[in-house]
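Shown below is the structure under consideration.
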2 protein chains.
Amino acid sequence: MTIQNRIARLLSYKHLLNRFKSLGLVRVFSDNIADPLGISASLVRKDFGLFGISGSQKGGYSIEDVLHKINNILGSNEVNRVIIIGVGRIGEALMSYNGFHKDGIKIVAGFDIDVKKIKKTGDVPVKPIEDINEYVKENNISVAIMAVPDIAAQQTLEILKRANIRGILNFTPVKFKSTDDITVNNFNIENELVNLIYFVNNFKKNGKEAKRVSNNI
Amino acid sequence: MTIQNRIARLLSYKHLLNRFKSLGLVRVFSDNIADPLGISASLVRKDFGLFGISGSQKGGYSIEDVLHKINNILGSNEVNRVIIIGVGRIGEALMSYNGFHKDGIKIVAGFDIDVKKIKKTGDVPVKPIEDINEYVKENNISVAIMAVPDIAAQQTLEILKRANIRGILNFTPVKFKSTDDITVNNFNIENELVNLIYFVNNFKKNGKEAKRVSNNI
DNA sequence: TTTTTAATGTTACATGAATAACAACAAAAA
DNA sequence: TTTTTGTTGTTATTCATGTAACATTAAAAA
Ligand SMILES: NC(=O)c1ccc[n+]([C@@H]2O[C@H](COP(=O)([O-])OP(=O)(O)OC[C@H]3O[C@@H](n4cnc5c(N)ncnc54)[C@H](O)[C@@H]3O)[C@@H](O)[C@H]2O)c1
Ligand SMILES: NC(=O)c1ccc[n+]([C@@H]2O[C@H](COP(=O)([O-])OP(=O)(O)OC[C@H]3O[C@@H](n4cnc5c(N)ncnc54)[C@H](O)[C@@H]3O)[C@@H](O)[C@H]2O)c1
């Protein structure tokens, strides 16, 4: 459950550098970044190299410069418009959350099948699901959050495909595979909890296995 | 973003086998499991072997038997009691969610600093944060979900440590490192969205990179 | 009873990702 | 001006994880 991939690391670098910046720092060395994140300094330099981020041989990296470049890579310097399908408990929580803008993300509309949820006013409208094709086309949306009930997940996937959505953050426990047409990130809260409970129950405090897993059977 | 680790795969096996079971199937071969998940059959057999799940040489694996063993390994045959700290938008959504029981998870209490949130009645009480030590001890709780505002995240971590909580599912964007004492699963919704947006913006439909990342700079 | 078959369980290999090592070199010191 | 220093950028190595290959063996077929 450590840092997984290059893009995830870029986000970690960004958050750490923002903290350095708020402390008044201007430049950093690769190990200043590596140590707090528990990774090697050479990996930081390799990542930077791969993304064309360069430093100076004695003075390290300019925090401002790196941050700007990371935001460019991640697209966080623009506003990325995202829609939500299913404005229930999870959908509503996400819709009213105001922490997305710092990463260049804006929830611009919700869509629901229930007429009671439809809301024309307010800064983020909730529209009937039938309007999705038109809205996505007119506003050039490519990413959607799926927060409908499990039973409606499959049909919602088809709807989103038809609307030419390219990426889905899927909160339902129904697992979808990514295809060439559409990338799905299955965000399964149950699974994460089960995983966590397993570790807590099976690993002792010293970090070693409490008992051989095969003894568990 | 494929299947990450052994325990995550066990969950995938479980869900797939449940679907097979509901179709009336009784036995499966390793490739019946591997193919739908896009992994190799030898990995399925290796996983099963590591967890002491065995099949028969001609008849494959008994679905019922494997499911029972997986649930045992994951602890899903018992009830795992979990508490929530911070009963706001996310916390409330999780608290009222009734999909956890199928994985042997039960949210048994919420804790909040705001007196208006305190709720003695109902099946899941919301208690003042001061009561946490006593509650955790009396009910032998080891896992908590953190859904407090970012600003309260650090102090909440300390509170949970003092209460001897062993595992945290952390919904705040504040990243905590796991230690020998406590395992933290940082569940960062923003990061997942940024990651998704990056892929959608940078990979063409054919699955190849749209452009070299270094051209992005 | 013997042979064949088709699956498991296990070992060897490949691949990819992180770390370690180091060469290159700009800045500072002498 | 020359030497030293310390950090970047890059190459070599290690390590982990998944796949491929295969040896084993219970059941079916002959
Ligand atoms: N609430 C949680 O804490 C939680 C936890 C884990 C997983 N989930 C999953 O997240 C998903 C949403 O959960 P929730 O608790 O927000 O559900 P919910 O029932 O509160 O909300 C679902 C919303 O989707 C709408 N909807 C139903 N069918 C639709 C359709 N075909 N098209 C568009 N909208 C439709 C409903 O009108 C409702 O507003 C579920 O799949 C659930 O399993 C939720
Ligand atoms: N809402 C979302 O969609 C969303 C999305 C991504 C991340 N998050 C993160 O999840 C966390 C919770 O978000 P939210 O929208 O549910 O917030 P919220 O403000 O709706 O709820 C927070 C709750 O925590 C309680 N609280 C505050 N300080 C506390 C303390 N010291 N101890 C116990 N309880 C305390 C508050 O009384 C409130 O009930 C935040 O860190 C947020 O950044 C939320």
Side-chain angles (χ1 to χ4, degrees), chain A residues 1-13 16-17 20 25-66 69-70 177 195 199 203 207-209 212-214 217, chain B residues 1-13 16-17 20 25-66 69-70 177 195 207-209 212-214 217:
Chain A
M1 220 66 56
T2 172
I3 299 170
Q4 288 159 355
N5 65 32
R6 196 146 267 138
I7 300 300
R9 278 200 302 273
L10 237 44
L11 273 158
S12 300
Y13 300 157
L16 186 65
L17 289 174
F20 283 154
L25 292 179
V26 175
R27 304 191 69 84
V28 283
F29 301 129
S30 54
D31 56 346
N32 301 144
I33 299 173
D35 291 344
L37 298 176
I39 59 176
S40 69
S42 52
L43 183 57
V44 173
R45 295 197 295 274
K46 209 187 226 178
D47 284 341
F48 283 6
L50 269 159
F51 287 113
I53 297 170
S54 55
S56 76
Q57 304 229 247
K58 206 70 178 239
Y61 300 90
S62 151
I63 291 181
E64 199 56 55
D65 178 46
V66 175
K69 280 178 172 161
I70 289 181
K177 273 197 273 194
N195 224 312
F199 275 102
F203 288 76
K208 298 273 176 59
E209 270 181 299
R212 292 270 96 224
V213 184
S214 48
I217 316 298
Chain B
M1 221 67 57
T2 172
I3 300 171
Q4 289 158 354
N5 64 32
R6 196 144 268 139
I7 299 300
R9 278 200 303 274
L10 237 44
L11 273 159
S12 300
Y13 300 158
L16 186 64
L17 289 173
F20 284 154
L25 293 179
V26 174
R27 303 191 71 83
V28 283
F29 302 129
S30 53
D31 56 347
N32 300 142
I33 299 173
D35 292 345
L37 298 176
I39 59 176
S40 69
S42 52
L43 182 56
V44 174
R45 296 196 296 272
K46 209 188 224 178
D47 283 341
F48 283 6
L50 268 160
F51 286 113
I53 297 171
S54 55
S56 76
Q57 304 231 242
K58 206 73 178 240
Y61 300 90
S62 151
I63 291 181
E64 199 57 54
D65 178 47
V66 175
K69 280 179 171 162
I70 290 181
K177 272 197 274 195
N195 224 313
K208 300 272 177 58
E209 270 181 297
R212 291 271 95 223
V213 184
S214 49
I217 315 298

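Only this structure's heavy atoms are used, side chains among them; waters, hydrogens and symmetry mates stay out. A note on names: the letters A, B, ... follow the listed sequences, proteins ahead of strands, and every chain is numbered from 1.
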Between B:R9 and D:dT17, is there a contact of a side-chain N or O with OP1 or OP2 at under 4.0 Å?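 Answer no for this pair, as no side-chain N or O of B:R9 is under 4.0 Å from OP1 or OP2.
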Going from CG on B:D65 to OG on B:S54, what distance comes out if it is rounded to the nearest 0.5 angstrom?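 Between B:D65 CG and B:S54 OG, I get 7.0 Å after rounding to 0.5 Å.
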Who are the side chain to side chain contact (heavy atoms under 4.5 Å, CB included) partners of B:D35, not counting sequence neighbours?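 Applying side chain to side chain contact (heavy atoms under 4.5 Å, CB included) to B:D35 gives B:D31.
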Can you name the nearest heavy-atom pair linking A:I63 to A:L17, along with the distance?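 So the two residues come closest at CG2-O, 3.8 Å.
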Restricting to non-hydrogen atoms, name the atom on B:G60 and the atom on B:R27 that form the minimum distance, rounded to 0.1 Å. O-NH2, 3.0 Å
Tell me, do A:L16 and A:V28 make a side-chain contact under 4.5 Å, heavy atoms counted? no
Nearest to the A:Y61 side chain among C:dT19, C:dT8, D:dG9, which nucleotide is it?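 Side chain of A:Y61 sits closest to D:dG9.
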Holding to side chain to side chain contact (heavy atoms under 4.5 Å, CB included), I want the full list of residues that pass it with B:Q57, two or more places apart in sequence or in another chain.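 Residues passing side chain to side chain contact (heavy atoms under 4.5 Å, CB included) with B:Q57: none at all.
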Could you run down nucleotides 20-27 of chain D 5' to 3' and tag each one B, S or - for protein heavy-atom contact under 4.0 Å? BB--BSBB
Expressed as a whole number of angstroms, how long is the span from A:F48:CZ to D:dT10:C1'?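 Distance check: A:F48 CZ to D:dT10 C1' gives 16 Å.
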Report the end-to-end axis angle of the helix from C:dT1-D:dA30 to C:dA30-D:dT1; each axis comes from five terminal pairs, and the value is rounded to 10°.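 Angle reported: 20°, given to the nearest ten degrees.
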Rounded to whole angstroms, how far apart are CG on B:D47 and P on D:dT19?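 Whole-Å distance recorded here is 10 Å.
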Name the atoms and distances for all side-chain donor-acceptor pairs under 3.5 Å in residues 41-50 of chain A, with sequence neighbours left out.
{"residue": "A:S42", "atom": "OG", "partner": "A:S40", "partner atom": "OG", "Å": "3.3"}
{"residue": "A:R45", "atom": "NH1", "partner": "A:S30", "partner atom": "OG", "Å": "3.0"}
{"residue": "A:D47", "atom": "OD1", "partner": "A:R6", "partner atom": "NE", "Å": "2.5"}
{"residue": "A:D47", "atom": "OD1", "partner": "A:R6", "partner atom": "NH2", "Å": "3.2"}
{"residue": "A:D47", "atom": "OD1", "partner": "A:R9", "partner atom": "NH2", "Å": "2.9"}
{"residue": "A:D47", "atom": "OD2", "partner": "A:R9", "partner atom": "NE", "Å": "2.6"}
{"residue": "A:D47", "atom": "OD2", "partner": "A:R9", "partner atom": "NH2", "Å": "3.2"}
{"residue": "A:D47", "atom": "OD2", "partner": "A:Y13", "partner atom": "OH", "Å": "2.6"}

Here the distance between atom C1' of C:dA18 and atom CG of A:N5, to the nearest Å, is 13 Å
Distance, rounded to the nearest Å, where A:D35 contributes CG and C:dT19 contributes C1':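 Taking atom C1' of C:dT19 as the reference, CG of A:D35 is at 14 Å.
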What is the separation between atom CG on A:D31 and atom C1' on C:dT19, rounded to the nearest whole Å? 14 Å
Under the salt bridge (Lys or Arg N to Asp or Glu O under 4.0 Å) rule, what pairs show up with a residue in residues 49-64 of chain B, not counting sequence neighbours? B:K21-B:E64
Nearest whole angstrom, please: distance from the P of D:dT8 to the CG of A:L43.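 The distance from CG of A:L43 to P of D:dT8 comes to 14 Å, rounded to the nearest Å.
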Starting from P on C:dT10, measure out to CG on B:L50 and report it in whole angstrom. 10 Å
Under-4.0 Å side-chain N/O to phosphate OP1/OP2 contact, A:R6 with C:dA17: no
Can you name the nearest heavy-atom pair linking B:P36 to A:K177, along with the distance? O-NZ, 2.7 Å
